[in-house]
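A quick write-up on the structure given underneath.
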Protein chains: 2
Amino acid sequence: MNITIKEVALKAGVSQSTVSLVLNNKQSIKKSTREKVLQVINELDYHPQRSARNLASQRTGNIGFIISDEHFTRAEPFYTRIFLGSEFEARHLDYYLLLTSVSKNFSRKELPRFLKEGNIDGIIAAGSMNDKWLYEMAGMKIPIVLIDYFPPRLKWSCVLIDNAEGGRDAVNYLLALGHEKIGFIGGSFTHPSIKERHRGFTLALEEAGVNHNPEWVITDETETRVIDGYYATKKLLAAKDRPTALFAANDAMATGALKAAREAGLEIPDDISVIGFDNIDVTKYTNPPLTTMNVRMEEMGAFAIKMIFDRIYQKKSVQEKILVPVDLVTRESCRRLSPAPQR
Amino acid sequence: MNITIKEVALKAGVSQSTVSLVLNNKQSIKKSTREKVLQVINELDYHPQRSARNLASQRTGNIGFIISDEHFTRAEPFYTRIFLGSEFEARHLDYYLLLTSVSKNFSRKELPRFLKEGNIDGIIAAGSMNDKWLYEMAGMKIPIVLIDYFPPRLKWSCVLIDNAEGGRDAVNYLLALGHEKIGFIGGSFTHPSIKERHRGFTLALEEAGVNHNPEWVITDETETRVIDGYYATKKLLAAKDRPTALFAANDAMATGALKAAREAGLEIPDDISVIGFDNIDVTKYTNPPLTTMNVRMEEMGAFAIKMIFDRIYQKKSVQEKILVPVDLVTRESCRRLSPAPQR
DNA sequence: CTGTAAGAATATTTGTAAATATAATCGGGG
DNA sequence: CCCCGATTATATTTACAAATATTCTTACAG
């Protein structure tokens with residue numbers, strides 16, 4: 001049998017409630033008493049039993065973490081790293097994370113167990129998912145925070161990548177290197193992230209007063225994989241007037257771009273500079289290593305936990321929308337353009 | 001407030017205990033009573049509250065799932081898919097999975113919370129991890145099942161890939177295609193999986209009575225990444241007498257092998273056949289698509305749950321060692337050798 | 001009259017919450 | 001300068017939380 005609060009109380013010569021109060025940092029307890037209790041807790045290596053705590057306090061101590069299974073098993077560990085960030089933060093706040101994936105095509109009755117059983121105090125949902133889902137969950141009054149997704153109509157708190165600003169920074173970097181003829185490749189605008197990144201691209205060019213050639217924007221691939229970047233770049237390089245730099249909407253496409261450029265006989269970064277977005281692992285190993293925009297995944301996960309926590313305890317019901325900044329990571333795929341083009 | 005067992009009992013006109021008995025399929029309950037109760041449960045959409053259940057039954061309803069963080073954030077979602085298989089199975093058995101990663105260099109006192117708090121009924125640990133860890137956990141008498149790892153000295157249940165048999169099958173396939181000059185590339189033998197796969201390789205050749213050239217076995221790379229496969233294959237192809245087929249210890253290395261072979265001016269599979277191991281996602285998209293050995297990851301995860309479950313309930317303490325079979329996936333990187341070599 | 005099936009009543013699990021109790025401190029009147 | 005009620009600080013008692021586990025009762029079969 002395990003050690004219970006009773007035994008701690010007995011050994012410390014106080015009542016059970018006192019031990020409980022110490023455990024939960026509540027009310028006023030004399031410093032000496034608190035220390036005595038803590039010492040006994042330590043000696044006995046006592047850990048309060050979760051189920052009893054939860055039953056009494058009518059809280060669960062759990063947060064549900066939902067990912068679409070598609071995202072979860074994707075090659076790039078994007079959402080797993082977000083989860084890791086959340087898990088780490090949850091530890092500090094003494095919460096457990098229950099991870100579940102949901103399938104894209106979900107049927108009405110297959111809500112995650114923890115929702116049906118009321119076994120969580122809040123939900124974090126990462127990545128795009130079936131909206132039916134979300135509307136369903138909206139019905140259960142439980143705090144929800146979304147990560148990297150922002151559905152129409154629902155006013156929920158969410159943690160988003162500052163894609164527009166990141167796109168702007170990427171292009172500003174290229175501009176600072178002297179490039180003015182800058183191309184963009186990205187899948188279709190149905191991906192909200194892509195759309196935002198492109199918006200940043202346009203914004204930076206406008207701000208710099210640089211004319212940009214519509215032929216240099218290729219967005220007719222539907223996906224955003226390596227292969228799509230490859231084909232998009234092929235199209236781009238077919239233009240008579242070639243850009244000197246290329247902003248790819250993500251690193252996968254940038255990787256494809258490197259290949260296409262090399263096949264076209266271009267050296268990188270000598271003949272064309274390439275910048276990506278995401279800072280996925282392989283960018284360190286591409287040839288040349290890819291300059292890109294780093295997305296702080298662990299931080300996003302941690303942020304979501306903090307938000308959920310606030311919602312659970314302070315009952316703050318304000319909707320927050322956090323934009324997590326993106327940082328430039330310079331490697332070797334971009335070069336300064338010289339002689340500087342006349343302006 | 002939620003619906004409780006009390007309300008179900010009231011509405012069904014029975015006692016709380018009866019409802020509990022129905023819920024847990026215990027003792028003798030008349031069929032008509034059981035049905036009545038189940039009907040009411042359904043009507044009220046009642047779900048027993050986890051914390052109360054756990055407190056009363058002194059079980060936690062949780063299983064801890066541990067992965068080294070390194071493995072977890074690895075590009076290839078190998079262990080995430082195993083987790084998914086476990087999670088799915090756990091749902092059926094009404095268990096929750098608590099996922100935590102541990103760092104490779106772990107310090108004595110940073111055991112996962114759920115262990116310290118005694119908040120799990122069993123542990124699944126996936127992938128290789130610091131042995132200090134495992135010895136530490138061995139001290140806490142809690143059922144443990146390992147996946148894809150088998151530490152020295154400890155007699156624990158585990159779910160392993162049948163690497164030797166898979167290697168044997170791979171080579172047998174090549175033999176069946178008429179190849180006799182077969183090469184092997186794989187990182188160092190410090191990886192137990194690699195060692196086993198190589199053992200299968202040797203075994204198949206011996207069984208077939210085929211002589212094999214030691215020059216065709218390259219195992220001096222320390223890692224097993226794409227780049228290592230690339231270099232290993234370069235070495236291999238430098239041999240005077242080149243093999244006609246190549247067994248790579250995993251798909252990453254096989255991918256590197258494809259590249260190295262093409263650079264050496266060889267067509268695949270016309271000039272050399274290549275077979276990999278793991279059936280990771282990208283093998284579908286390589287050029288040509290890679291023939292490989294499929295590892296049933298989800299199944300491995302599910303198996304581990306079943307084993308833990310048995311240990312928890314039947315207190316079976318026998319040590320089991322499950323070898324999950326591996327299946328050949330034929331794509332386009334191997335061809336029949338003709339004319340068949342004389343034997 | 002006894003044994004068992006079927007179900008009810010009661011005890012138990014381990015904590016937190018709320019209501020009380022007790023000790024310590026304080027300001028002002030005697 | 002001490003005593004007294006009020007106030008605050010500190011700690012205890014009592015009452016749950018919602019299930020399962022255990023014991024007890026009843027009715028009926030043999």
Side-chain angles (χ1 to χ4, degrees), chain A residues 1-38 40-41 44-62 94 96 113 116-121 312-313, chain B residues 1-38 40-41 44-62 94-96 116-121 312-313:
Chain A
M1 196 58 57
N2 266 325
I3 292 148
T4 70
I5 200 171
K6 231 179 200 162
E7 294 155 66
V8 175
L10 196 70
K11 185 157 183 192
V14 297
S15 72
Q16 291 184 29
S17 340
T18 305
V19 178
S20 175
L21 292 173
V22 169
L23 278 172
N24 297 288
N25 289 314
K26 288 208 179 154
Q27 284 187 27
S28 42
I29 298 281
K30 226 198 305 179
K31 203 174 167 205
S32 61
T33 316
R34 137 171 277 105
E35 276 165 5
K36 174 70 190 158
V37 170
L38 288 175
V40 172
I41 285 176
L44 297 179
D45 193 29
Y46 163 72
H47 293 276
Q49 198 169 298
R50 204 98 188 164
S51 43
R53 264 194 140 161
N54 296 342
L55 179 61
S57 65
Q58 289 297 84
R59 253 180 262 113
T60 71
N62 298 326
D94 203 25
Y96 283 115
R113 258 181 319 156
K116 289 197 224 163
E117 297 181 358
N119 198 24
I120 47 171
D121 300 334
I312 294 170
Y313 285 91
Chain B
M1 199 56 58
N2 268 324
I3 292 150
T4 70
I5 200 171
K6 231 179 201 163
E7 294 156 67
V8 175
L10 197 69
K11 185 156 181 193
V14 297
S15 73
Q16 293 183 30
S17 349
T18 306
V19 178
S20 175
L21 292 173
V22 169
L23 277 172
N24 297 288
N25 290 313
K26 289 207 179 153
Q27 280 188 28
S28 42
I29 297 281
K30 232 196 303 176
K31 203 176 167 203
S32 60
T33 315
R34 139 172 274 106
E35 275 165 7
K36 174 72 190 156
V37 170
L38 288 174
V40 172
I41 286 176
L44 297 179
D45 192 28
Y46 163 73
H47 293 275
Q49 198 169 298
R50 205 93 189 168
S51 43
R53 261 195 142 160
N54 296 343
L55 179 61
S57 66
Q58 291 297 83
R59 252 179 263 111
T60 71
N62 299 324
D94 203 25
Y95 258 93
Y96 283 112
K116 288 195 225 165
E117 298 181 358
N119 198 25
I120 46 171
D121 300 334
I312 294 172
Y313 285 91

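Predicted, not measured: the structure shown is a model, and the values here were computed from it.
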Checklist line | salt bridge (Lys or Arg N to Asp or Glu O under 4.0 Å) partners of Arg50(B), counting only residues at least two apart | finding: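 For Arg50(B) the salt bridge (Lys or Arg N to Asp or Glu O under 4.0 Å) partners, ignoring immediate neighbours, are Glu117(A), Asp94(B).
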
Can you tell me if the side-chain N/O atoms of [X] get under 4.0 Å from OP1 or OP2 in [N]?
X        : N       : value
Thr4(B)  : dA17(D) : no
Gln58(B) : dT14(C) : yes
Ser17(B) : dG7(C)  : no
Lys26(A) : dA17(C) : yes
Ser15(B) : dA8(C)  : yes
Asn54(B) : dT13(C) : no
Thr18(B) : dA8(C)  : yes
Tyr46(A) : dG15(C) : yes
Ser20(A) : dT16(C) : yes
Asn2(B)  : dA18(D) : no
Ser51(A) : dT14(C) : no

Next item on the list: Among Ile29(A), Val14(A), Leu23(A), find the residue that satisfies the side chain to side chain contact (heavy atoms under 4.5 Å, CB included) test when tested with Val37(A).
Entry: Val14(A)

What is the distance from [atom1] of [X] to [atom2] of [N], rounded to the nearest Å?
X        : N       : atom1 : atom2 : answer
Gln49(A) : dT12(C) : CD    : C1'   : 13 Å
Leu23(B) : dT20(D) : CG    : C1'   : 10 Å
Arg59(A) : dA18(D) : CZ    : P     : 14 Å
Lys31(A) : dT10(D) : NZ    : P     : 12 Å
Lys6(B)  : dA17(D) : NZ    : C1'   : 10 Å
His47(B) : dA19(D) : NE2   : C1'   : 16 Å
Asn24(B) : dA18(D) : CG    : C1'   : 13 Å
Arg34(B) : dA5(C)  : CZ    : P     : 15 Å

Identify which nucleotide among [options] has an atom closest to any side-chain atom of [X], counting heavy atoms from C-beta outward.
X        : options                   : answer
Thr33(A) : dA11(D), dT20(D), dA18(D) : dA11(D)
Leu55(A) : dA17(D), dA5(C), dA19(D)  : dA17(D)
Lys30(B) : dA6(C), dA18(D), dT12(D)  : dA6(C)
Ala52(A) : dT16(C), dA6(C), dT14(C)  : dT14(C)

Check: Can you find a side-chain donor-acceptor pair between Ser17(A) and Ser20(A) that sits under 3.5 Å?
Finding: no

Notebook entry, point to check: Side-chain donor-acceptor pair under 3.5 Å between Glu35(B) and Ser32(B), yes or no?
Noted result: no

Next item on the list: For Ile29(B), answer base if it contacts any base atom (sugar-phosphate contacts may also be present), sugar-phosphate if it contacts only those atoms, and nothing otherwise; contact means non-hydrogen atoms under 4.0 Å.
Entry: sugar-phosphate

Next item on the list: For Ser57(B), report the nucleic acid contact type (base, sugar-phosphate, nothing); a contact means any heavy atom under 4.0 Å.
Entry: sugar-phosphate

Notebook entry, point to check: Backbone N or O of Arg59(A) within a donor-acceptor pair of the Asp121(A) side chain at under 3.5 Å?
Noted result: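 Not at all, since once roles are kept as given, no pair shorter than 3.5 Å links the two residues.
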
Note to self: Whether the side chain of Asn62(A) engages the backbone of Ile120(A) through a donor-acceptor N/O pair (distance < 3.5 Å, no angle test) should be reported.
What the structure shows: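 Checked: no pair found.
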
